[in-house]
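The structure appears right after this line, and notes come after that.
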Amino acid sequence: MTPNSSVRVRFAPSPTGHLHVGNARTALFNWLFARQKQGTMVLRIEDTDLERSEARFEGQLIDDLKWLGLDWDEGPDVGGAYGPYRQSDRLEIYREHAERLLQKSKAYLCFCTEEELQKERERAIAEQRQATYSGKCRALEPAEAKRRREGEEACAIRLKIPEHPIRFHDIVRGDVEFSNEVVSDPIILRSNGMPVYNYVVVIDDALMKITHVIRGDDHLSNTPKQVALYEALGWPVPEFAHLSTILGADRERLSKRHGATSIANFREMGVLPEALANYLALLGWAPSGGTREIFTREELIKEFSLKRVTPSPAVFDMEKLYWLNRHYIKEAPPERINKLALPYYTRAMVEDLTRRSGVQSSAGHEWIPPEPVLNWLGRVTQLLQSYVDRLDQLPERASPIFNYDARTAIANPENAEVFSWPHSDAVVTRFASKIMQDESAKSGKLTPGCFKRLVNEVKAETGAKGKELFHPIRIMIIGSHSGPEFDKLIPIIEEGSRLNLPRHVLSVRERVEQFEKARKS
RNA sequence: GGCGCUAUCGUCUAGGGGUUAGGACGGAAGAUUCUCAAUCUUCAAACCCGGGUUCGAUUCCCGGUAGCGCUACCA
């Protein structure tokens, strides 16, 4: 992965929590672009917001990014020639360049207090004007300003916005122009010596030789200030690509309110990383022709194009993500899915155990099932694969196997309807007596072939066929009239009944027995 | 309030001065199956509004409206 082009992009998250889907999509687009151009991907941590940033979040961010399948060539964890890659380690650099700007009189000292500025702003809003800085301190004599600063008067450093409109090119949106009238001289260094975001981002991007700034469109309105900064510093302005916002179903900006929005959430839900990456790529980007939807990582790298990114905001559609996830679950090698699915089962089993015993067993969480159980769970997963959107639904879908309860099966109104059918009574009675007499069923070794034979006998004896035959039988066995095919289900139930599990899985015979008992009582 | 960005089926999108406006998710119907899921087939579903340019605008331009963003000594 040696970069051999001059393209350099960066993903610059703030370590304020888990990676959010919006940011993940930004990271993905940066990554796709870098990899396609064989350029360099830089990870930079924007931790100048001391109040919200936490060191541990950086590790989470990196985990989330890696889980999504992204990597980077330079960053706080891997180093690089343009470090440091944490803004908190770069404060000296920011101060130094601010002073340089001052010397070149591209910036000036501002002694206005926050209260003054606040009043100015309120007045402007009251007069329905743009709330821009008056530029009062811009008129100060440099010599006087210097004297006041040396006299320990608190001051911030402001950039001089040029007297001409600011234009820049955006790959997604085309040419954008802002009148200088509406961009007021921004503070770059606060009176407490801390630099401001719009300033550090430029210093970092320029010093890190970033050629393409790909980021969320919430930064679009900040861009003129940044362009002015590049110009003041005499540095080349990079290309910009502002990605549209991801919205929730209510067309409001996607937030925790909308449910799962962090990468960690999706990961816990059992969404596969390739499904998420594929989905995210489709949010705002479409291939030429616009008919393909499924892309491997390599195909995305090959096909991706910033020029084809849509400028309009996109609503996050969980259903479509699930569709992709189902696709990738089906595609994935069974061993991989089994391995990923395992924790969901063990957690459910342990929870079930603690619920019923009332004892909290922390050791249970690390329960590693023995080989035969592992294999069996793998077969359960394969049986249920086409029934789930995400892996965390597996235990729930497997519930008829694990938690058979004859009473609830009988009490269920839908089932009651089935039992009101003319043949149902006879089917139940005949089938039950056959199972109770069957030798193989006694030891939990009923085979699909044997099961089929018994069903056929019931069919011949009662005249029931199709649903009238199978629905009552299925209810007896799994408590519901619908479910997986018996051919696959029967061996799994029987095998499960012979395994040593935290909670015994009832054999077909045990189920039928319970059912008959519950029915008669 | 000011400024900016955006506007094609419910959703993600393709397309583009003349098209039966294409695909996908979801929905509906059918096929298959004992059932459900999966799968396959079919169907319904859209160019925000008003002007202008033009022989012709959904497409180009302007305005309106709506949504979102920015308007900080937040990032």
Side-chain angles (χ1 to χ4, degrees), chain A residues 12-14 16 46-49 51-53 87 110 112-114 117-118 121 124-133 154-158 170 172-174 176-179 181-184 186-198 200-201 216-225 242 244-245 247 249 251-253 279 282-294 308 310-324 326 330 383-388 397 418 455 459 464-475 480-486:
Chain A
S14 296
T16 54
E46 304 211 325
D47 57 353
T48 47
D49 184 349
E51 304 210 342
R52 285 189 292 168
S53 298
Q87 288 183 334
C110 176
C112 298
T113 63
E114 283 195 62
L117 295 171
Q118 182 65 30
R121 196 162 32 241
I125 289 169
E127 289 168 18
Q128 308 209 329
R129 276 190 354 255
Q130 170 95 18
T132 53
Y133 174 58
C155 64
I157 300 180
R158 278 190 194 267
D170 187 287
V172 178
R173 285 149 216 276
V176 186
E177 184 182 305
F178 284 80
S179 159
E181 308 277 315
V182 301
V183 187
S184 60
I187 283 176
I188 58 175
L189 208 67
R190 298 185 184 103
S191 51
N192 66 4
M194 285 299 283
V196 165
Y197 168 79
N198 277 309
V200 299
V201 76
D217 73 353
D218 45 334
H219 294 288
L220 191 63
S221 301
N222 289 324
T223 309
K225 289 177 188 168
H242 285 100
S244 68
T245 319
L247 309 174
R251 299 220 139 250
E252 284 194 46
R253 183 174 236 205
Y279 178 70
L282 256 22
L283 261 196
W285 172 82
S288 161
T291 56
R292 265 187 80 194
E293 307 272 347
I294 309 255
R308 294 191 59 82
T310 4
S312 52
V315 173
F316 193 93
D317 182 1
M318 201 63 98
E319 289 303 322
K320 189 150 182 176
L321 203 216
Y322 287 156
W323 168 69
L324 278 163
R326 287 196 297 267
K330 272 180 263 170
L383 178 76
L384 302 171
Q385 251 184 39
S386 61
Y387 289 82
V388 296
R397 298 305 312 220
V418 170
V455 171
K459 183 180 176 181
K465 56 179 196 268
K467 288 184 192 180
E468 357 177 69
L469 176 66
F470 282 94
H471 278 194
I473 292 176
R474 176 171 270 107
I475 292 170
S480 162
H481 59 77
S482 65
E485 298 156 55
F486 281 122

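Letters A, B, ... are given to chains in the order of the sequence lines, protein chains preceding strands, and every chain is numbered from 1.
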Exercise. To the nearest Å, how far apart are A:Q118 CD and B:rU71 P?
Worked result: 14 Å
Problem set entry | Atom P, compared across B:rC9 and B:rG22: separation rounded to whole Å | 14 Å
Exercise. What is the distance, rounded to the nearest whole Å, between atom NE2 of A:H471 and atom P of B:rC36?
Worked result: 7 Å
For this session: Please check if atom CZ in A:R397 has more than 12 non-hydrogen atoms from other residues, nucleotides or ligands closer than 6.0 Å.
Result: no
For this session: Taking side-chain hydrogen bond (donor to acceptor under 3.5 Å, both in side chains) as the test, write out the residues that go with A:K320, two or more places apart.
Result: A:E293
For this session: Would you indicate, yes or no, if B:rU13 has its OP1 or OP2 atom less than 4.0 angstrom from a side-chain nitrogen or oxygen of A:T310?
Result: yes
Problem set entry | P gap between B:rA7 and B:rA75, integer Å | 31 Å
For this session: Establish, with yes or no, whether the OP1 or OP2 oxygen of B:rU39 is under 4.0 angstrom from a side-chain nitrogen or oxygen of A:K330.
Result: yes
Problem set entry | Listed nucleotide nearest any side-chain atom of A:F486, set B:rC34, B:rC25, B:rC5 | B:rC34
Seminar exercise, completed: Output for pair (A:F178 CZ, A:L220 CG), nearest 0.5 Å, gives 5.0 Å
Seminar exercise, completed: To the nearest angstrom, the CG-P distance between A:D317 and B:rC12 comes to 8 Å
For this session: For A:H219, report the nucleic acid contact type (base, sugar-phosphate, nothing); a contact means any heavy atom under 4.0 Å.
Result: base
Problem set entry | Base partner of B:rU54, which must satisfy Watson-Crick or wobble distances under 3.5 Å | none
Seminar exercise, completed: pair_partner(B:rC25), Watson-Crick or wobble, both distances < 3.5 Å, evaluates to B:rG10
Exercise. Going from OG1 on A:T48 to OH on A:Y197, what distance comes out if it is rounded to the nearest 0.5 angstrom?
Worked result: 9.0 Å
Exercise. Can you tell me if the side-chain N/O atoms of A:R326 get under 4.0 Å from OP1 or OP2 in B:rG26?
Worked result: yes
For this session: Can you tell me, in whole Å, how much space there is between the C1' of B:rC36 and that of B:rA14?
Result: 35 Å
Exercise. Considering only heavy atoms and no angle criterion, is a donor-acceptor pair shorter than 3.5 Å present between the side chain of A:Y279 and the base of B:rC12?
Worked result: no
Exercise. Between atom NZ of A:K330 and atom CD of A:Q385, what is the distance when rounded to the nearest 0.5 Å?
Worked result: 9.0 Å
Problem set entry | Same-atom distance (C1') from B:rA44 to B:rU11, integer angstrom | 16 Å
For this session: Could you check whether A:C110 gets within reach of a base, just the sugar-phosphate, or nothing at all, counting any heavy atom under 4.0 Å?
Result: nothing
Seminar exercise, completed: Result for 5'-nearest mapping on RNA chain B, choosing between A:T245 and A:T291, is A:T291
For this session: Describe the nucleic acid contact of A:I187 in one word from base, sugar-phosphate, nothing, applying a heavy-atom distance below 4.0 Å.
Result: base
Problem set entry | Nearest to side-chain heavy atoms of A:V315, which nucleotide of B:rC73, B:rG4, B:rC12 | B:rC12
Exercise. In whole angstroms, how far is the C1' atom of B:rA66 from the CG atom of A:L247?
Worked result: 13 Å
Exercise. Side chain of A:A314: nearest nucleotide among B:rC12, B:rC73, B:rA7?
Worked result: B:rC12
For this session: May I ask you to evaluate whether A:R251 reaches the phosphate of B:rC12, defined as a side-chain N or O under 4.0 Å from OP1 or OP2?
Result: yes
Seminar exercise, completed: If pairing means Watson-Crick or G-U wobble with both distances under 3.5 Å, then the partner of B:rC5 is B:rG67
For this session: For A:R158 and A:Y133, work out which heavy atoms get closest and say how close.
Result: NE-CE2, 3.3 Å
Exercise. Roughly, in whole Å, what's the span from OH in A:Y322 to C1' in B:rA38?
Worked result: 19 Å
Exercise. Roughly how many Å is it from CZ in A:F178 to P in B:rC5, rounded to a whole number?
Worked result: 6 Å
Exercise. When the P atoms of B:rA21 and B:rC47 are considered, how many whole Å apart are they?
Worked result: 11 Å
For this session: Return yes if the base of B:rC36 and the side-chain atoms of A:R474 contain a donor-acceptor N/O pair under 3.5 Å, otherwise no.
Result: no
Problem set entry | Base-pairing mate for B:rC36 - Watson-Crick or G-U, with both contacts under 3.5 Å | none
Exercise. Rounding to a whole Å, what distance do you find between A:D218:CG and B:rA75:C1'?
Worked result: 9 Å
Exercise. Of A:H481 and A:R292, whose closest RNA chain B nucleotide lies nearer the 5' terminus?
Worked result: A:R292
For this session: With C1' as the reference atom in both, quote the distance from B:rA46 to B:rC12 in angstrom, rounded to an integer.
Result: 13 Å
For this session: Identify whether any heavy atom of A:L384 sits under 4.0 Å from a base atom; if not, whether one sits that close to sugar-phosphate; answer base, sugar-phosphate or nothing.
Result: nothing
For this session: Taking only the side-chain nitrogens and oxygens of A:S221, find out if one of them lies under 4.0 Å from OP1 or OP2 of B:rC3.
Result: no
Problem set entry | side-chain contact (heavy atoms from CB on, under 4.5 Å) between A:H242 and A:T223, intermediate numbers included | CA-CA 10 Å; A:H242 285 100; A:T223 309; 3.2 Å; yes
For this session: Determine the interatomic distance between P on B:rC25 and the same-named atom on B:rG18; round to the nearest Å.
Result: 29 Å
For this session: Give A:G483 one of three labels, base, sugar-phosphate or nothing, depending on what nucleic acid heavy atoms sit under 4.0 Å from its own.
Result: base
Exercise. Expressed in whole Å, how much space separates the P atoms belonging to B:rU71 and B:rG10?
Worked result: 34 Å
Exercise. If pairing requires Watson-Crick or G-U wobble contacts with both distances under 3.5 Å, which nucleotide is the partner of B:rU19?
Worked result: none
Exercise. Should A:R308 be listed as having a side-chain N or O under 4.0 Å from OP1 or OP2 of B:rG15?
Worked result: yes
For this session: Please report the C-alpha distance between A:T245 and A:D217 in whole Å, then the side-chain angles of each, then the deciding distance to 0.1 Å, and finally whether the side-chain hydrogen bond (donor to acceptor under 3.5 Å, both in side chains) criterion is met.
Result: CA-CA 7 Å; A:T245 319; A:D217 73 353; 3.0 Å; yes
For this session: Take the protein atom CD of A:Q385 and the nucleotide atom P of B:rA38, then report the distance between them rounded to whole Å.
Result: 13 Å
Problem set entry | Given B:rU13, B:rA75, B:rU6, the nucleotide with the shortest approach to the side chain of A:P313 | B:rU6
Exercise. Can you tell me if the side-chain N/O atoms of A:R121 get under 4.0 Å from OP1 or OP2 in B:rA72?
Worked result: yes
For this session: May I ask you to say what A:E468 touches in the nucleic acid, namely base, sugar-phosphate or nothing, with a heavy-atom cut-off under 4.0 Å?
Result: nothing
Exercise. Now, which nucleotide makes the Watson-Crick or G-U wobble pair with B:rA45, with each of the two distances under 3.5 Å?
Worked result: none
For this session: Classify the side chain of A:E293 versus the base of B:rG23 as yes if they form a donor-acceptor pair under 3.5 Å and no if they do not.
Result: yes
